[in-house]
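Please read the structure below before turning to the comments.
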Amino acid sequence: MPEGHSIRRLALAFSEWFVGHACDTSSPQGRFALGAARLNGMTMVDAQSVGKHLFLEFGSGDRAGAETTRAPLWLHVHLGLYGSWRFYGSPGTSVTPSIGAPRLPDVLASDSDMHEDAGGDAFEMVRLASEVGPRSNEGIRLSEDFGIDNGHWSPPPPRGAVRLRIVTETVAADLTGPTQCEVLDAAGVEVVLGRLGPDPLDDESPAERLRSEFVGRVRGSRRPVGELVMDQSVVAGVGNIYRAEGLFRGGISPFRRGNNVSEKRLRSLWDDFVVLLDDGVRRGNIYTVIPDWHSAEIVVEDDEAEKWFVYKRDGKPCLVCGTPVRTRVMQGRNLFWCPSCQR
DNA sequence: AACTTATGACTAA
DNA sequence: TAGTCCTAAGTTG
């Protein structure tokens with residue numbers, strides 16, 4: 001799950017449920033004890049995502065007794081391949097169960113629940129999720145889990161290796177398995193941001209500036225475009241699924257060198273990344289086989305609606321031309337492509 | 001119980 | 001390119 005769309009959903013979740021609230025922070029696992037102690041008692045004042053990076057800003061609380069002004073601090077989290085956040089809410093509070101690594105029990109539970117809500121049809125489930133509105137957490141699955149401690153709410157004991165737990169009076173978040181989890185000052189945040197290229201989910205910068213920056217960075221390199229779109233300094237937030245699917249939808253061979261892909265195709269590829277990531281934020285899932293993709297007839301081999309054109313479809317017929325989808329490791333990750341559709 | 005896999009990214013060679 | 005780190009679930013024996 002954790003490509004750019006998931007991290008944006010996390011930022012939205014924290015904005016909705018934690019920002020404006022004093023936070024108790026701890027490290028049940030112990031590996032982030034010092035960092036958690038630095039943030040403890042501060043108020044979360046902002047939540048942002050850039051690419052696959054999450055930044056939670058903490059400022060001085062308005063708690064009684066907190067009279068000394070503390071300089072703002074940022075919690076910087078990168079989930080890596082299998083990090084995830086799990087959320088809990090007090091009775092009556094609506095929070096999403098978890099966001100991050102796939103196949104957590106809560107994720108499976110929420111999937112099957114959505115299934116029922118949508119009448120047991122997988123495609124319907126996705127359509128419903130996409131209708132909740134742009135870049136919003138409205139309508140996502142809700143869960144309640146809690147313990148009662150001395151009359152007031154508290155989250156249940158941590159499950160697994162919880163690096164960081166953030167608790168407010170009504171909600172809690174547990175972080176497990178991040179590849180990065182650190183406390184930064186403003187200068188530290190700038191260092192991280194300085195390494196990142198344009199983010200398709202960036203809705204504050206002018207679209208044309210982002211697009212031309214992406215095109216310029218790709219065209220300025222002789223590396224294969226399949227490597228370039230996984231490079232976070234070329235485009236921030238694209239991961240292995242968006243790489244495979246974006247290049248397929250653009251008809252671009254992942255082996256073509258960046259400087260050898262036309263400006264026109266790269267501009268379209270950028271625009272498609274924007275569509276795809278934006279859609280991912282709304283669905284909470286990557287789903288690239290959508291009927292309005294383009295005019296080509298989409299052949300579906302069985303009754304089950306396909307989620308992806310090529311990702312993890314090694315050896316299966318291409319949904320557009322029937323040629324077997326191929327796979328090969330590129331950038332240390334499994335790359336999937338259609339040798340016929342992508343040139 | 002051991003092994004494999006994962007939507008990431010770094011370092012050493 | 002190979003090895004490393006973070007974790008949990010599924011598969012195999």
Side-chain angles (χ1 to χ4, degrees), chain A residues 1-10 27-33 35 49-54 75-86 97-112 126 158-165 174-182 191-197 199-201 223-224 226-248 254 273 276-281 283-289 306-314 327-337:
Chain A
M1 287 245 205
E3 294 191 40
H5 68 301
S6 299
I7 315 308
R8 174 57 53 88
R9 283 174 69 88
L10 283 167
S27 179
Q29 174 205 47
R31 296 185 58 165
F32 191 57
S49 77
V50 182
K52 299 168 190 170
H53 298 257
L54 177 69
L75 175 72
H76 169 224
V77 173
H78 192 297
L79 292 179
L81 202 48
Y82 47 72
S84 74
W85 287 92
R86 189 190 303 269
S98 72
I99 299 178
R103 311 271 174 267
L104 286 175
D106 283 351
V107 173
L108 294 175
S110 71
D111 278 357
S112 56
V126 169
R159 268 204 260 167
V162 175
R163 183 83 57 87
L164 169 66
R165 164 166 278 194
D174 282 354
L175 170 66
T176 54
T179 196
Q180 277 184 71
C181 175
E182 58 184 354
V191 170
V192 176
L193 294 180
R195 288 196 288 256
L196 300 176
D199 181 347
L201 292 176
R223 292 164 60 206
E227 288 185 20
L228 292 168
V229 296
M230 285 281 279
D231 183 332
Q232 300 301 296
S233 68
V234 172
V235 47
V238 167
N240 205 23
I241 298 183
Y242 284 129
R243 156 171 85 169
E245 298 297 305
L247 291 175
F248 176 86
F273 279 143
L276 254 21
L277 282 263
D278 222 59
D279 188 71
V281 173
R283 295 179 196 274
N285 245 315
I286 302 176
Y287 199 97
T288 63
V289 184
E306 292 281 348
K307 205 173 170 184
W308 301 311
F309 282 107
V310 290
Y311 181 74
K312 277 201 170 163
R313 294 195 69 254
D314 184 22
T327 186
R328 205 191 107 175
V329 174
M330 181 188 269
Q331 291 282 272
R333 312 299 304 283
N334 292 319
L335 168 71
F336 302 86
W337 82 99

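Numbers restart at 1 for each chain; the letters A, B, ... are given by sequence-line order, proteins then strands.
As rounded to whole Å, 13 Å separates atom P of dG8(B) from atom CG of Leu335(A). Atom-to-atom, CD of Glu3(A) to C1' of dT7(B) comes out at 4 Å; the value is rounded to the nearest Å. If you take CD of Glu227(A) and P of dG8(B), they are 15 Å apart, rounded to a whole angstrom. Computed from coordinates, the Arg195(A) CZ to dG8(B) P distance equals 17 Å when rounded to whole Å. For the pair Gln331(A) CD and dC10(B) C1', the computed distance is 12 Å after rounding to whole Å. Taking atom CZ on Arg333(A) and atom C1' on dG3(C), their separation rounds to 15 Å, with Å as the unit. Atom CG in Leu81(A) sits roughly 16 Å away from atom P in dT4(B) (whole-Å rounding). As rounded to whole Å, 8 Å separates atom P of dT7(B) from atom CZ of Phe336(A).
Gln232(A) comes within 4.0 angstrom of the backbone, heavy atoms only, and of no base.
For dA6(B), the OP1/OP2 oxygens have a side-chain nitrogen or oxygen of Asn334(A) closer than 4.0 Å. Using a 4.0 Å cut-off, some side-chain N or O of His78(A) falls inside it from OP1 or OP2 of dA9(B). For dT7(C), the OP1/OP2 oxygens have a side-chain nitrogen or oxygen of Arg31(A) closer than 4.0 Å. The side chain of Lys52(A) places no N or O atom within less than 4.0 Å of a non-bridging phosphate oxygen (OP1 or OP2) of dT7(B). Taking only side-chain nitrogens and oxygens, Gln180(A) never comes nearer than 4.0 Å to OP1 or OP2 of dG8(B). OP1 or OP2 of dT7(B) lies within a sub-4.0 Å distance of a side-chain N or O belonging to Tyr311(A).
Nucleotides dA9(C) and dA9(B) place their P atoms 23 Å apart, quoted to the nearest Å. A distance of about 23 Å separates the P atoms of dA8(C) and dC10(B), rounded to the whole Å. Comparing the same atom, C1', in dT7(B) and in dT1(C) gives a spacing of 22 Å after rounding to whole Å. For the P atoms, the distance from dC5(C) to dA13(B) is 15 Å, rounded to whole Å.
Within the 4.5 Å cutoff, the side chain of Ile7(A) has no heavy atoms near those of the Leu201(A) side chain. With a 4.5 Å cut-off on side-chain heavy atoms, Tyr311(A) and Arg243(A) do not count as touching.
A donor-acceptor pair is defined here as one N or O able to donate and one able to accept, closer than 3.5 Å; no such pair exists between the side chain of Trp337(A) and the backbone of Leu247(A). In this structure, Gln232(A) contributes its side chain and Gly197(A) its backbone to no donor-acceptor pair below 3.5 Å. For the pair Lys52(A) (side chain) and Val238(A) (backbone), a donor-acceptor distance under 3.5 Å is present.
Of the listed nucleotides (dT7(C), dC5(C), dT7(B)), dT7(C) has the atom at the smallest distance from the side chain of Thr176(A).
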